[in-house]
**Student:** 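My questions will all concern the structure given below.
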Amino acid sequence: QQQVKQSPQSLIVQKGGISIINCAYENTAFDYFPWYQQFPGKGPALLIAIRPDVSEKKEGRFTISFNKSAKQFSLHIMDSQPGDSATYFCAASGGRGSTLGRLYFGRGTQLTVWP
Amino acid sequence: GAGVSQSPRYKVAKRGQDVALRCDPISGHVSLFWYQQALGQGPEFLTYFQNEAQLDKSGLPSDRFFAERPEGSVSTLKIQRTQQEDSAVYLCASSLATSGRGEQYFGPGTRLTVT
């Protein structure tokens, strides 16, 4: 059972546009929600993360929006650039009775930004 | 180089062979995770170490998989009698937090191909 569901599977955006990737989770015990960026042949790199006590977090061009009641969170990439073309993964961790730091990943979104 | 390193980067094994994959975490990081990433999928948890103690091995897919971290630093993931379904990228991540919560830093991964 997929603990974190991610959409869309692929996304094509024009340079300068906004990229939006969505994730949903079921386990209300999750309390840490990171986004990772992965380039081909590389390991995932932490981009930005949020905890459920805030509804939004912004770092540069990247913003996480978090809706606790809907159990959803999303990544917004403003002014998307060709260098942002990569696969993006949402993830979640936390909860009792399990390894607290264990990350549950979504299936990934392949983002292509056209110049 | 302050990041997580993994070796070898690529490994080709014939079915039935044993393989050993190495992870060098960031110095001082207490927590160490192994994940398996199949082609086109998000990483999936395999096992977790806090220092030298393996606290969670619930993600290991079979008893052919074995991991160790004898001195609380370098870790080795061993796969015995490899099968074709073991072909994947094996990622190691380390974290400063004792519980493993918070930021996890990933290595570049080892791509295992079983022929």
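Letters go in sequence order (proteins before strands), and every chain restarts at 1.
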**Student:** Can you tell which part of B:Arg9 gets under 4.5 Å to a heavy atom of chain A, answering side chain, backbone, both or neither?
**Tutor:**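 Contact with chain A: side chain only.
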**Student:** Who wins among B:Gly42, B:Pro43, B:Ser58, B:Pro108 for the most heavy-atom pairs under 4.5 Å with chain A?
**Tutor:**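 When all of B:Gly42, B:Pro43, B:Ser58, B:Pro108 are compared, B:Pro43 has the most.
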**Student:** Is the shortest side-chain heavy-atom distance between B:Pro61 and B:Leu46 below 4.5 Å?
**Tutor:**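 Yes, at least one pair of side-chain atoms sits under 4.5 Å.
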**Student:** For the residue pair A:Arg51 and A:Phe30, establish whether any side-chain heavy-atom pair is separated by less than 4.5 Å.
**Tutor:**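 Side-chain contact under 4.5 Å: no.
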**Student:** Please flag which part of A:Leu46 lies under 4.5 Å from any non-hydrogen atom of chain B: side chain, backbone, both or neither.
**Tutor:**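 Only the side chain of A:Leu46 comes within 4.5 Å of chain B.
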**Student:** Can you confirm whether A:Asp84 sits close enough to A:Arg61 that some side-chain heavy atom of one is under 4.5 Å from a side-chain heavy atom of the other?
**Tutor:**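 Heavy-atom side-chain distance check passes, below 4.5 Å.
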**Student:** Please determine whether a side-chain nitrogen of the Lys or Arg among B:Arg64 and B:Asp86 lies less than 4.0 Å from a carboxylate oxygen of the Asp or Glu.
**Tutor:**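 Yes, charged N to carboxylate O under 4.0 Å.
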**Student:** What part of A:Pro44 gets within 4.5 angstrom of chain B, counting heavy atoms only: side chain, backbone, both, or neither?
**Tutor:**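 Both backbone and side chain of A:Pro44 come within 4.5 Å of chain B.
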**Student:** Side chain, backbone, both or neither: which part of A:Gln38 has an atom under 4.5 Å from a heavy atom of chain B?
**Tutor:**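 The answer is the side chain of A:Gln38.
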**Student:** Decide ring-ring contact (aromatic ring centres under 6.0 Å, His included) for B:Tyr90 and B:Tyr35; before the verdict, give the C-alpha distance in whole Å, the side-chain angles of both, and the deciding distance to 0.1 Å.
**Tutor:** CA-CA 6 Å; B:Tyr90 290 86; B:Tyr35 294 86; over 10 Å; no
**Student:** Can you tell me which portion of B:Gln6 sits under 4.5 Å from chain A's heavy atoms? Options are side chain, backbone, both or neither.
**Tutor:**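 No part of B:Gln6 comes within 4.5 Å of chain A.
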